[in-house]
A.B. asks: 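Have a look at this one before I ask anything.
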Amino acid sequence: MILLFDIGNTTVNFAVAKDNEIIANYNISSDLNKTSDEFYIQLKQFIDLTKITSVVIASVVPKITLELVKLVEERLKIVPLLIQPKTKTGVKVKTDNPREVGADLIAVAAEVVSENKSTLIVDLGTATKYIYVKNNAITGVIITAGVEISINALTKNTALLPKIDIKVPNKVLETNTISCMQSGVTYGVAAQVDGLISLIKEEVKEDFKVITTGGFSNIIIPLIKHEQKNDPLLIFKGLLKIFKLNER
């Protein structure tokens, strides 16, 4: 079985693939203080690590990457495939500095590069990322503050605003502080998604598919007006495809 890691700033997402199919996925918190041994103990609670034969890692958190690589090499005796500039991904990167493009962006793009139609991926994670893929290449990206970053900015920088749960309130114009904040970060992000999709259409002057993914997609998707398809496993499918390209 293949163990796939998507290491982000808030969560370490991981999945198991067998026979070219994702059969299970999980997540744990991204704790910069955790050692490889602590990660090992946690992972064993979800997965039978003795059955893992290959590991793929996409990460935007170098410190956690080091610990997980140590875990994989020492405990599982496997050399993991890291998504980095020299890795064969099937994705061309047409940006000013391709080396700046994160492994997570490359991984989600890898799943859609073979599509005949241009695709906009909206990744609703800690940050909200818009990745435009055309002719097997990433041709443009937008990165904005996501739901969680917006909430944290409100509560950390304003003395009287409380910490809140992230959920959709009953209406857009609310009448109490908590619901007003919830409206801002849910309806607000959804409006941003709709607005940016419209602006991108004006700029690229072509039709494209919209695929949503990411940890907050289940909250935001019902509020989005544009037609889209949700794929919560998109990054794992992309990592699996990259693994197949690099398989010896």
Side-chain angles (χ1 to χ4, degrees), residues 4 6 8-15 21-22 24-27 29-30 58 60 102 104-113 115 117-134 138 140-154 164-174 178-204 206-241:
L4 309 164
D6 163 31
N9 290 294
T10 304
T11 57
V12 175
N13 305 295
F14 54 103
E21 183 180 349
I22 309 299
N25 66 287
Y26 313 92
N27 66 75
S29 63
S30 294
V60 296
D104 54 339
L105 275 64
I106 299 289
V108 293
E111 175 57 17
V112 305
V113 289
E115 299 282 347
K117 193 173 185 180
S118 298
T119 303
L120 177 68
I121 300 165
V122 182
D123 185 353
L124 294 153
T126 303
T128 300
K129 291 157 284 189
Y130 303 76
I131 306 105
Y132 197 76
V133 182
K134 179 179 180 177
I138 294 175
V141 176
I142 302 170
I143 302 174
T144 71
V147 174
E148 190 167 17
I149 290 176
S150 298
I151 284 286
N152 289 339
L154 279 173
I164 62 171
D165 293 327
I166 300 171
K167 64 180 182 178
V168 180
N170 294 326
K171 56 187 188 293
V172 177
L173 290 173
E174 279 293 352
I178 289 176
S179 295
C180 290
M181 293 169 66
Q182 290 171 332
S183 179
V185 298
T186 54
Y187 290 110
V189 169
Q192 179 200 86
V193 172
D194 278 321
L196 285 174
I197 290 173
S198 296
L199 287 174
I200 292 167
K201 282 187 175 180
E202 289 178 17
E203 184 168 299
V204 300
E206 65 173 353
D207 289 329
F208 52 81
K209 294 196 306 183
V210 178
I211 298 178
T212 54
T213 191
F216 291 103
S217 57
N218 62 321
I219 297 173
I220 303 301
I221 283 171
L223 310 178
I224 297 173
K225 295 178 180 178
H226 282 86
E227 182 179 346
Q228 52 78 36
K229 176 184 176 183
N230 182 242
D231 189 346
L233 299 177
L234 187 69
I235 192 164
F236 296 126
K237 292 176 181 177
L239 290 174
L240 188 56
K241 188 173 283 188

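Numbers for residues simply follow the sequence, beginning at 1.
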A.B. asks: Less than 4.5 Å apart, any side-chain heavy atom of N13 and any of I235?
C.D. replies: no
A.B. asks: Ignoring hydrogens and geometry, is there a side-chain-to-backbone donor-acceptor pair from Y130 to T144 under 3.5 Å?
C.D. replies: no
A.B. asks: Once rounded to the nearest 0.5 Å, what's the spacing between atom NZ of K237 and atom CD1 of I22?
C.D. replies: 8.0 Å
A.B. asks: Measure from the side-chain N and O atoms of E111 to the backbone N and O of K241, and report whether any donor-acceptor pair falls under 3.5 Å.
C.D. replies: no
A.B. asks: Using the side chain to side chain contact (heavy atoms under 4.5 Å, CB included) rule, take K129 and D104 through it: C-alpha gap first, then chi angles, then the decisive distance, then the call.
C.D. replies: CA-CA 10 Å; K129 291 157 284 189; D104 54 339; 2.8 Å; yes
A.B. asks: How many angstroms lie between NZ in K229 and CD1 in I121, if you round to the nearest 0.5 Å?
C.D. replies: 12.0 Å
A.B. asks: First locate atom CG of L154, then atom SG of C180, and finally report the distance between them rounded to the nearest 0.5 Å.
C.D. replies: 11.5 Å
A.B. asks: Show your reasoning for whether side chain to side chain contact (heavy atoms under 4.5 Å, CB included) applies to K209 and E115.
C.D. replies: CA-CA 10 Å; K209 294 196 306 183; E115 299 282 347; 2.9 Å; yes
A.B. asks: Quick check: closest heavy atoms across S217 and L124, and the distance to 0.1 Å?
C.D. replies: CA-CD1, 3.7 Å
A.B. asks: Roughly how far, to the nearest 0.5 Å, is the CG atom of L105 from the CD1 atom of I131?
C.D. replies: 4.0 Å
A.B. asks: Hey, could you give me the CG/OG1 distance between N218 and T213, rounded to the nearest 0.5 Å?
C.D. replies: 10.5 Å
A.B. asks: Please lay out, stage by stage, how S30 and T10 fare under the test side chain to side chain contact (heavy atoms under 4.5 Å, CB included).
C.D. replies: CA-CA 5 Å; S30 294; T10 304; 5.5 Å; no
A.B. asks: Does atom CD of E227 have more than 12 heavy-atom neighbours from other groups under 6.0 Å away?
C.D. replies: no
A.B. asks: Quick one: does T212's side chain have a donor or acceptor within less than 3.5 Å of a partner on V210's backbone?
C.D. replies: no
A.B. asks: Show the nearest heavy-atom pair for residues T186 and I220, with the distance to one decimal.
C.D. replies: O-CD1, 3.7 Å
A.B. asks: Apply side chain to side chain contact (heavy atoms under 4.5 Å, CB included) to the pair V113 and V133, showing each step before the final yes or no.
C.D. replies: CA-CA 7 Å; V113 289; V133 182; 4.0 Å; yes
A.B. asks: Any chance you could measure I197, atom CD1, to H226, atom NE2, to the nearest 0.5 Å?
C.D. replies: 5.5 Å
A.B. asks: Shortest non-hydrogen contact from G146 to T128?
C.D. replies: CA-OG1, 3.4 Å
A.B. asks: Specify the closest pair of heavy atoms between D123 and G214, including all atoms of both residues, with the distance to one decimal.
C.D. replies: OD1-CA, 3.4 Å
A.B. asks: Write down the atom of T126, the atom of E148, and the distance for their closest heavy-atom approach.
C.D. replies: OG1-OE1, 4.3 Å
A.B. asks: Are there over 12 heavy-atom neighbours, none belonging to K167, within less than 6.0 Å of that residue's NZ?
C.D. replies: no
A.B. asks: Would you check if I211 and V112 make a side-chain contact, meaning some heavy-atom pair closer than 4.5 Å?
C.D. replies: yes
A.B. asks: Indicate yes or no for a side-chain donor-acceptor contact from D194 to the backbone of K225 under 3.5 Å, with no hydrogens or angles considered.
C.D. replies: yes
A.B. asks: List the atom of F208, the atom of T119, and the distance in Å for their closest heavy-atom pair.
C.D. replies: CB-N, 4.3 Å
